[in-house]
Amino acid sequence: MATELVLLGTAGAPLPVAGRAGICTALVFDGRVFVIDCGRGAPSAYADAGLDFSRLEAVFLTHLHVDHVGDLPGMLLYGWGVRVRDGRDLAPVRVYGPSRPKALPSGDATFHRQTTIDPELPDPGTADLIGHILAGYAYHLNVMPLDATMPDAGALVRAHEIDVPLPAVVFDDGNVRVSAVAVTHGRAVPALAYRFDTPDGSVAFSGDTTVNEDLISLAQGADILVHQVADLDYLKRHGINDADLARLAALHTDVTQVGGVAERARVRELILSHYLPAHPGAISEAEWARRAGRGFSGTTTAGRDGLRRTLTRS
Ligand SMILES: [Zn+2]
C-alpha cells in the first residue's frame with residue numbers, strides 16, 4: 001500500500017487556457033480515490049491519469065467558485081455507469097464542501113450587481129449544488145435507465161456539508177483522516193483548506209487563500225503542501241488596474257509569500273498549483289519555483305498537470 005498524489009489540473013481562475021487544465025488534484029490510498037476540487041477538464045484528466053471512476057470515493061470542494069466546481073457534474077455523471085460491482089450499486093460518491101454561508105456576502109455596491117440569480121437562494125451550499133446538479137440532469141438520470149442498465153441514480157452521490165466551527169476532522173475511517181480549516185478568499189465564505197493523513201504520510205491543500213494562520217497550523221509538519229500561487233506583479237505589469245489588483249490581493253497568496261508559508265508550516269515539499277496567471281507560457285516552471293521557494297528551506301516544485309508523488313511508509 002502507498003499513497004499517491006496526482007495533480008490533474010493546475011490552472012487558477014475560470015477562463016480556460018490552452019495547455020493547462022483547471023484546478024483538480026487526486027489523492028489515492030490503497031486504490032481508493034479522493035479528489036480535491038473539480039476544475040475544467042477534471043473528468044478527462046482523471047481518465048488520462050489512469051484513475052478508475054468505480055474507485056472514486058469522495059470529492060472535497062475547497063469553495064464554490066466555478067474554477068473549482070465547474071466539472072463536478074461530469075465527474076459524477078460520466079462515471080455513473082461503472083458504479084456497480086457484482087450486480088450491486090457502489091456506495092454513493094461523497095461530496096464534501098462548504099455549507100451555505102451564515103450571512104449574505106457583502107459587496108453589492110462594489111460590484112453594481114444588475115441581476116441576482118435565484119434570489120430565493122442566492123448563496124447555495126454544497127448540498128444545494130448537488131441537488132441542483134441532479135435536478136438539472138434529471139432527464140439523463142431518469143430517462144437513460146429506460147434504455148440502458150444503469151445503477152440506481154439515487155445512489156450516485158451524497159453531499160456532506162462542512163460547517164463552521166473549524167478546524168475539524170471531516171472524514172476519518174481509521175486509514176484516511178481529512179481535516180479542514182476555513183481560509184481567507186475574499187467574499188467566498190466559507191472557503192476551506194484540507195489536510196489528508198494516511199499511514200504513509202500527509203498532504204495539505206491550501207485551496208484559494210491569502211496568507212492564513214489556520215492553514216499554516218493545519219499544514220504543520222506535512223510531507224507535502226500543495227499551495228495555490230499568484231504573481232500579482234505580473235498581472236500589474238500586464239494591465240490590471242489598482243482596484244482589481246487590491247481585490248486579487250484579498251483572494252490569493254502571492255508568489256513572494258508562499259515560501260514563507262511553507263517554511264512556517266515546516267513541510268517537506270511545497271508543490272505549486274492553481275497558477276495565476278494560468279497560461280503555461282506566461283511564466284516558466286523554473287521561474288515559478290525559484291521565486292516561490294525563497295525563504296523556504298525544503299523542496300519547492302512547480303506543479304504541472306500529471307505530476308505524481310508517492311508517499312510510502314518508512
Ligand atoms: Zn480558484
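Throughout, numbering of the chain's residues begins at 1 and tracks the sequence. Atom set for the values below is all heavy atoms of this structure, side chains included, hydrogens, waters and symmetry mates excluded. The structure presented is a predicted model; accordingly, all values stated were derived computationally and were not measured. Order of appearance sets the numbers: ligands from 1, and atoms from 1 within every ligand.
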Exercise for the section: To the nearest 10 degrees, could you say what angle the Zn ion (ligand 1) makes with NE2 of H68 and NE2 of H274? Expected result: 100°

Practice task
Would you please test E269 and T301 for side chain to side chain donor-acceptor pair (under 3.5 Å) and show each step?
Solution key: CA-CA 7 Å; E269 182 177 12; T301 302; 2.5 Å; yes

Fill in the blank from the handout: In D67, the N/O/S atom nearest the Zn ion (ligand 1) carries the name OD2

Exercise for the section: Report yes or no: does H63 have an N/O/S atom closer than 2.8 Å to the Zn ion (ligand 1)? Expected result: no

Problem - Short side-chain donor-acceptor distance under 3.5 Å, S99 and D163 - result: yes

Problem - Heteroatom test (N, O or S) for H65 near the Zn ion (ligand 1), limit 2.8 Å - result: no

Exercise for the section: Check the side chains of H68 and D208 for a donor-acceptor pair under 3.5 angstrom, ignoring hydrogens and angles. Expected result: yes

Fill in the blank from the handout: In D208, the N/O/S atom nearest the Zn ion (ligand 1) carries the name OD2

Practice task
Check whether the side chains of T3 and T198 place a donor and an acceptor atom closer than 3.5 Å, and report yes or no.
Solution key: yes

Practice task
Establish, from distance only, whether the side-chain atoms of H185 and H65 form a donor-acceptor pair under 3.5 Å.
Solution key: yes

